[in-house]
Peer 1: 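Got a structure for you, questions after.
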Amino acid sequence: MARVKGTEALSAYKMAKRISDRKDNVYDKRIIENILNMYMDECRKALLSGERVQITKVGTIIPEVKTRLFYNLPRCNKEGGNPPYTKLRIRRNNLLGDVMNRLLIKNIENGIYGLEKLPFSKQQMDILKKSGYMPEE
């Protein structure tokens with residue numbers, strides 16, 4: 001998926017800024033950023049040790065260990081150049097997915113093609129026009 005021009009990932013610094021700007025916040029931005037960095041460090045350590053990381057109201061990050069066995073690839077072997085590897089699987093929370101889907105449909109109905117910072121690509125717009133979700137013009 002191509003990165004949308006002008007959008008960047010939400011870092012601990014940016015998240016701390018958002019939290020510090022909230023009306024219900026009573027903490028200093030530096031303290032918030034430090035706590036977020038500690039949280040992210042603990043998530044990283046948990047994933048490195050093979051634990052699942054659940055982010056409340058978002059989903060779960062699940063580490064997996066893979067060996068090549070399927071689809072006519074040779075078995076994993078030390079000399080063969082195809083060692084075992086790790087992969088992260090992310091399972092989105094159903095409630096978050098439902099809310100995102102409803103917002104997307106509402107945006108389309110209001111003439112906004114995508115989410116606020118994630119517009120549809122040209123190919124996606126062509127598919128939506130052919131399926132009748134968007135007008136042809």
Side-chain angles (χ1 to χ4, degrees):
M1 181 187 265
R3 193 173 130 194
V4 179
K5 187 176 181 179
T7 62
E8 294 180 21
L10 186 60
S11 66
Y13 175 81
K14 290 178 185 176
M15 197 177 299
K17 171 87 172 95
R18 286 185 182 185
I19 293 169
S20 70
D21 290 343
R22 288 174 50 149
K23 291 179 182 175
D24 61 345
N25 175 50
V26 295
Y27 301 103
D28 180 64
K29 187 172 115 321
R30 279 189 224 139
I31 293 171
I32 296 168
E33 186 178 0
N34 287 338
I35 291 170
L36 289 171
N37 280 325
M38 287 187 286
Y39 174 78
M40 291 177 201
D41 189 44
E42 290 302 315
C43 289
R44 181 179 172 276
K45 288 177 187 176
L47 290 168
L48 286 173
S49 68
E51 295 178 73
R52 293 174 174 232
V53 174
Q54 182 177 349
I55 302 171
T56 305
K57 297 184 181 180
V58 174
T60 304
I61 304 170
I62 305 159
E64 296 178 338
V65 175
K66 300 284 187 179
T67 55
R68 296 176 179 166
L69 244 150
F70 302 107
Y71 308 111
N72 297 326
L73 292 172
R75 289 179 183 236
C76 176
N77 63 62
K78 199 170 186 178
E79 291 82 25
N82 58 345
Y85 62 98
T86 59
K87 187 175 183 179
L88 292 176
R89 185 167 39 112
I90 299 174
R91 185 176 301 148
R92 184 173 67 173
N93 179 301
N94 289 341
L95 179 60
L96 176 63
D98 292 345
V99 171
M100 289 175 72
N101 289 335
R102 281 196 302 269
L103 178 60
L104 184 61
I105 296 300
K106 183 179 171 189
N107 282 354
I108 292 171
E109 290 169 354
N110 292 330
I112 301 166
Y113 300 119
L115 297 175
E116 182 180 349
K117 296 185 180 186
L118 184 63
F120 290 129
S121 69
K122 183 174 178 359
Q123 181 182 18
Q124 289 170 325
M125 290 181 80
D126 290 342
I127 292 168
L128 291 171
K129 286 176 185 176
K130 287 178 186 174
S131 64
Y133 275 100
M134 286 175 52
E136 288 289 330
E137 74 238 14

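Residue numbers run from 1 in the order of the sequence given.
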Peer 1: For the residue pair Pro63 and Leu47, what are the closest heavy atoms and their distance?
Peer 2: CD-CD2, 3.8 Å
Peer 1: Decide whether Val99 and Ile105 are clustered together by the hydrophobic rule: side chain heavy atoms of Ile, Leu, Val, Met, Phe, Trp, Tyr closer than 4.5 Å, transitively.
Peer 2: no
Peer 1: The test is side chain to side chain contact (heavy atoms under 4.5 Å, CB included); show your working for Tyr133 and Ile127 and say whether it passes.
Peer 2: CA-CA 9 Å; Tyr133 275 100; Ile127 292 168; over 6 Å; no
Peer 1: Are Leu88 and Val53 linked, directly or through other ILVMFWY residues, by side chains that come within less than 4.5 angstrom of each other?
Peer 2: yes
Peer 1: Could you tell me whether Lys45 and Glu42 have a side-chain N and a carboxylate O separated by less than 4.0 Å?
Peer 2: yes
Peer 1: Would a 4.5 Å heavy-atom cut-off, applied to side chains only, mark Tyr27 and Ile19 as touching?
Peer 2: no
Peer 1: Would you kindly confirm whether Met40 and Met38 end up in one hydrophobic cluster when ILVMFWY residues are joined by side chain heavy atoms under 4.5 Å apart?
Peer 2: no
Peer 1: When you measure from the side chain of Asn25 to the backbone of Asp21, do you find a donor-acceptor pair of N or O atoms at a distance under 3.5 Å?
Peer 2: no
Peer 1: Nearest heavy-atom pair of Asn37 and Ala12: which atoms, and what distance?
Peer 2: OD1-CB, 3.3 Å
Peer 1: Going from CZ on Arg89 to CZ on Arg52, what distance comes out if it is rounded to the nearest 0.5 angstrom?
Peer 2: 6.5 Å
Peer 1: With a 4.5 Å cut-off on side-chain heavy-atom distances among I, L, V, M, F, W and Y, is there a chain of contacts connecting Ile31 to Tyr13?
Peer 2: no
Peer 1: Please report the closest heavy-atom contact between Pro119 and Gln124, naming both atoms and the distance.
Peer 2: O-OE1, 4.3 Å
Peer 1: Salt bridge or not for Asp98 and Arg102, using N-O below 4.0 Å?
Peer 2: no
Peer 1: Has Glu64 got more than 12 heavy atoms of other residues, nucleotides or ligands less than 6.0 Å from its CD?
Peer 2: yes
Peer 1: Taking atom NZ of Lys129 as the centre, report whether more than 12 heavy atoms of other residues, nucleotides or ligands fall under 6.0 Å from it.
Peer 2: yes
Peer 1: Can you see which heavy atom on Lys57 is nearest to which on Asn93, and at what distance?
Peer 2: CA-ND2, 4.1 Å
Peer 1: Please assess Asn107 against Tyr113 for the test side chain to side chain contact (heavy atoms under 4.5 Å, CB included), listing each intermediate value before the final yes or no.
Peer 2: CA-CA 6 Å; Asn107 282 354; Tyr113 300 119; over 6 Å; no
Peer 1: Can you measure from CD (Glu33) to OG (Ser11) and round to the nearest 0.5 angstrom?
Peer 2: 7.5 Å
Peer 1: Report yes or no: does Asn110 contribute a side-chain atom to a donor-acceptor pair with the main-chain N or O of Ile112 at less than 3.5 Å?
Peer 2: no
Peer 1: Is Leu115 linked to Val58 within one hydrophobic cluster, defined over Ile, Leu, Val, Met, Phe, Trp and Tyr using a side-chain heavy-atom separation of less than 4.5 Å?
Peer 2: yes
Peer 1: Taking atom OH of Tyr39 and atom CD1 of Ile55, what is their separation to the nearest 0.5 Å?
Peer 2: 5.0 Å
Peer 1: Kindly indicate, with the supporting measurements, whether the criterion side chain to side chain contact (heavy atoms under 4.5 Å, CB included) is fulfilled by Leu104 and Met100.
Peer 2: CA-CA 6 Å; Leu104 184 61; Met100 289 175 72; over 6 Å; no
Peer 1: Could you tell me the separation between the CE atom of Met15 and the CG atom of Leu10, rounded to the nearest 0.5 Å?
Peer 2: 4.0 Å
Peer 1: Side chains of Glu51 and Ser49: any donor to acceptor distance under 3.5 Å?
Peer 2: yes
